[in-house]
There are 2 protein chains.
Amino acid sequence: MPTSSRFVVAVHALVALAVSGDKPLRSEDLAHSASTSPVVIRGLLSRLSAAGLTRSQLGAGGGALLARPAEEIGLLEVYRAVEDTRLFTLHRTPPPPDCAVGGNIVGGLQPALTRAREAFEAELDHTTIAEIADEVARLGNFTVPLEW
Amino acid sequence: MPTSSRFVVAVHALVALAVSGDKPLRSEDLAHSASTSPVVIRGLLSRLSAAGLTRSQLGAGGGALLARPAEEIGLLEVYRAVEDTRLFTLHRTPPPPDCAVGGNIVGGLQPALTRAREAFEAELDHTTIAEIADEVARLGNFTVPLEW
DNA sequence: GGGGCGTGTAAGGGTGACGGTTACACGCCC
DNA sequence: GGGCGTGTAACCGTCACCCTTACACGCCCC
């Protein structure tokens with residue numbers, strides 16, 4: 001399955017906003033930085049602002065800003081805000097309920113799948129946009145906020 | 001993205017084989033139990049046998065069998081055997097290296113993504129086909145091996 | 001030893017999500 | 001008020017997934 005690149009691009013955009021500080025960034029700027037199109041970025045920002053992670057300033061000199069300090073934005077929130085797909089996909093058509101295995105496999109398997117998903121999410125929740133931004137600044141040898 | 005249902009269907013097939021005991025099951029039987037087609041099942045069995053989890057008996061009365069005790073087959077092995085997609089998809093086209101963020105985001109983000117993937121895989125590795133089979137038998141109120 | 005059963009694999013088609021593009025209405029700052 | 005930038009809809013190309021059909025091969029049973 002092609003999983004979507006939305007999560008990584010959304011983190012990219014949020015890190016760019018964190019690095020930018022108080023200066024709003026246009027969707028065109030973010031699109032250039034992430035090698036995608038402004039419309040895709042605006043679609044992501046639409047979801048992120050609905051989740052309370054960003055806000056937008058209209059008009060000339062406008063653009064996107066973080067709605068909260070980068071230290072308070074965890075990767076799990078970002079993941080949930082932009083990713084539609086589930087970690088596991090069940091049978092395309094449900095198995096027959098009158099089958100000994102088919103009728104009980106979903107119920108029997110679900111707890112294990114849930115545990116794996118929760119372990120995944122808990123680990124994502126441990127990291128914040130600020131940590132990623134700091135690491136990017138360290139790798140790129142620059143300081144936050146960065147003047148473009 | 002539609003993620004693939006291969007993992008769940010593969011576990012379904014392996015649980016059916018575990019429940020069946022020594023009696024080989026045809027791809028047609030497994031397909032019926034999982035509400036899919038025999039060709040899809042054979043494609044999964046092909047991957048599972050390549051991974052050393054199942055083996056096949058040709059000819060009349062033939063079918064698929066577990067190559068190892070169900071207690072020794074972990075869900076992570078199954079996942080790796082049949083699933084092609086990655087948990088995270090990076091930018092469709094790589095970000096520009098000369099960008100302060102674009103040039104370092106992948107390197108800065110990778111460790112967090114790896115930790116999440118490893119937590120996910122470690123949790124999957126804790127569960128075996130035998131445990132799922134036991135739970136299915138409990139829910140279905142039957143005993144293993146089951147006569148069909 | 002031959003007939004038939006069952007596997008393994010390839011090819012083609014339908015479906016759905018994703019990402020890109022174009023287009024356009026609205027709101028806000030200069 | 002003019003222009004900048006956002007927000008959203010519509011359309012399209014692409015790709016993985018799953019299903020179906022088809023067929024060659026290997027093995028068991030009679």
Side-chain angles (χ1 to χ4, degrees), chain A residues 1-10 12-13 17 20 22-32 34-51 54-65 67 82-95, chain B residues 1-10 12-13 17 20 23-32 34-51 54-65 67 81-95:
Chain A
M1 84 217 159
T3 58
S4 102
S5 67
R6 282 202 291 262
F7 173 62
V8 167
V9 174
H12 184 139
L17 294 179
S20 173
D22 290 338
K23 184 171 175 296
L25 294 180
R26 301 175 305 157
S27 61
E28 189 183 332
D29 303 326
L30 294 171
H32 183 262
S35 291
T36 181
S37 82
V39 178
V40 170
I41 295 293
R42 292 206 287 267
L44 290 175
L45 288 174
S46 178
R47 290 167 180 252
L48 293 173
S49 74
T54 65
R55 58 193 172 84
S56 291
Q57 277 185 4
L58 294 181
L65 292 166
V82 301
E83 204 67 46
D84 290 334
T85 73
R86 309 236 178 262
L87 235 34
F88 300 106
T89 301
L90 298 184
H91 309 66
R92 176 174 284 204
T93 66
Chain B
M1 91 191 176
T3 60
S4 103
S5 67
R6 281 202 292 265
F7 173 62
V8 167
V9 174
H12 184 140
L17 294 179
S20 173
K23 184 170 177 295
L25 294 180
R26 301 176 303 157
S27 61
E28 190 182 332
D29 303 325
L30 294 170
H32 183 262
S35 289
T36 179
S37 82
V39 177
V40 170
I41 295 292
R42 293 207 285 269
L44 290 175
L45 289 174
S46 177
R47 291 169 180 250
L48 293 173
S49 75
T54 64
R55 58 193 172 85
S56 291
Q57 277 186 2
L58 293 182
L65 293 166
V82 302
E83 204 67 47
D84 290 335
T85 71
R86 308 227 183 268
L87 235 36
F88 300 106
T89 301
L90 298 184
H91 309 65
R92 177 175 282 202
T93 66

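A note on names: the letters A, B, ... follow the listed sequences, proteins ahead of strands, and every chain is numbered from 1. Worth knowing before you read on, the calculation uses all heavy atoms, side chains too, and leaves out hydrogens, waters and symmetry mates.
The minimum heavy-atom distance linking B:Val82 with B:Arg47 is given by the pair O-NH1, 3.3 Å. Considering all non-hydrogen atoms of both residues, A:Ala34 and A:Val9 come closest at CB-CG1, 4.3 Å.
Taking OG1 of B:Thr36 as the reference point, atom NE2 of A:His91 lies at 9.0 Å (rounded to 0.5 Å). Atom OG in A:Ser37 sits 11.0 Å away from atom CD in A:Glu28 (nearest 0.5 Å). Rounding to the nearest 0.5 Å places CD of B:Glu83 at 7.5 Å from OG1 of A:Thr89. Note that CG of A:Leu17 and NE2 of A:His12 are 10.0 Å apart. Values are rounded to the nearest 0.5 Å.
Counting only Watson-Crick and G-U wobble pairs whose two distances sit under 3.5 Å, DNA chain C takes part in these stems of three or more pairs: C:1-30 with D:1-30.
The backbone N or O of A:Arg42 lies less than 3.5 Å from no partner atom in the side chain of A:Ser46, so there is not a single donor-acceptor pair. Although no hydrogens or angles enter the test, the distance criterion places no donor-acceptor pair under 3.5 Å between the side chain of B:Ser27 and the main chain of B:Ile41.
Between the CG atom of A:Leu44 and the C1' atom of D:dT6 there is a distance of 14 Å, given to the nearest Å. One can place CG of B:Leu48 at 14 Å from P of C:dT7, the figure rounded to the nearest angstrom. At whole-Å resolution of the value, CD1 in B:Ile41 and P in C:dT7 are 11 Å apart. Between A:Arg86 atom CZ and C:dG16 atom P the separation is 18 Å, expressed in whole Å. Going from atom CG of B:Asp84 over to atom C1' of D:dC18 covers 13 Å, rounded to whole Å. Rounded to an integer number of Å, the gap from CG of A:Leu17 to P of D:dT6 is 11 Å. Note: CD (A:Gln57) to P (C:dC29) measures 7 Å, nearest angstrom. With rounding to whole Å, A:Glu28 atom CD is found 9 Å from D:dT6 atom P.
Ranking D:dT20, C:dG19, D:dC18 by closeness to the B:Ser37 side chain, first place goes to D:dT20. Of the candidate nucleotides D:dC19, C:dG20, D:dT6, D:dC19 has the atom lying nearest to any side-chain atom of B:Val40.
In this structure, A:Arg6 reaches the C:dC18 phosphate: one of its side-chain N or O atoms is under 4.0 Å from OP1 or OP2. Phosphate proximity of C:dG20 to A:Thr36: present, with a side-chain N or O under 4.0 Å from OP1 or OP2. Listed pair A:Ser5 / C:dG19 meets the phosphate criterion, a side-chain N or O lying under 4.0 Å from OP1 or OP2.
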Evaluate side chain to side chain donor-acceptor pair (under 3.5 Å) for B:Arg92 paired with A:Ser5, printing each intermediate quantity in order. CA-CA 7 Å; B:Arg92 177 175 282 202; A:Ser5 67; over 6 Å; no
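Summary of the strand contacts: A:Gly59 and B:Ala60 both lie near DNA chain C, and taking for each the nucleotide with the nearest heavy atom, the more 5' one is attributed to B:Ala60.
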Got a list of protein N/O to nucleotides 8-15 of chain C N/O distances below 3.5 Å?
unit_1: C:dG8; atom_1: OP1; unit_2: B:Ser56; atom_2: OG; d: 3.4
unit_1: C:dG8; atom_1: N7; unit_2: B:Arg42; atom_2: NE; d: 2.8
unit_1: C:dG8; atom_1: O6; unit_2: B:Arg42; atom_2: NH2; d: 3.1
unit_1: C:dT9; atom_1: OP2; unit_2: B:Ser46; atom_2: OG; d: 2.8

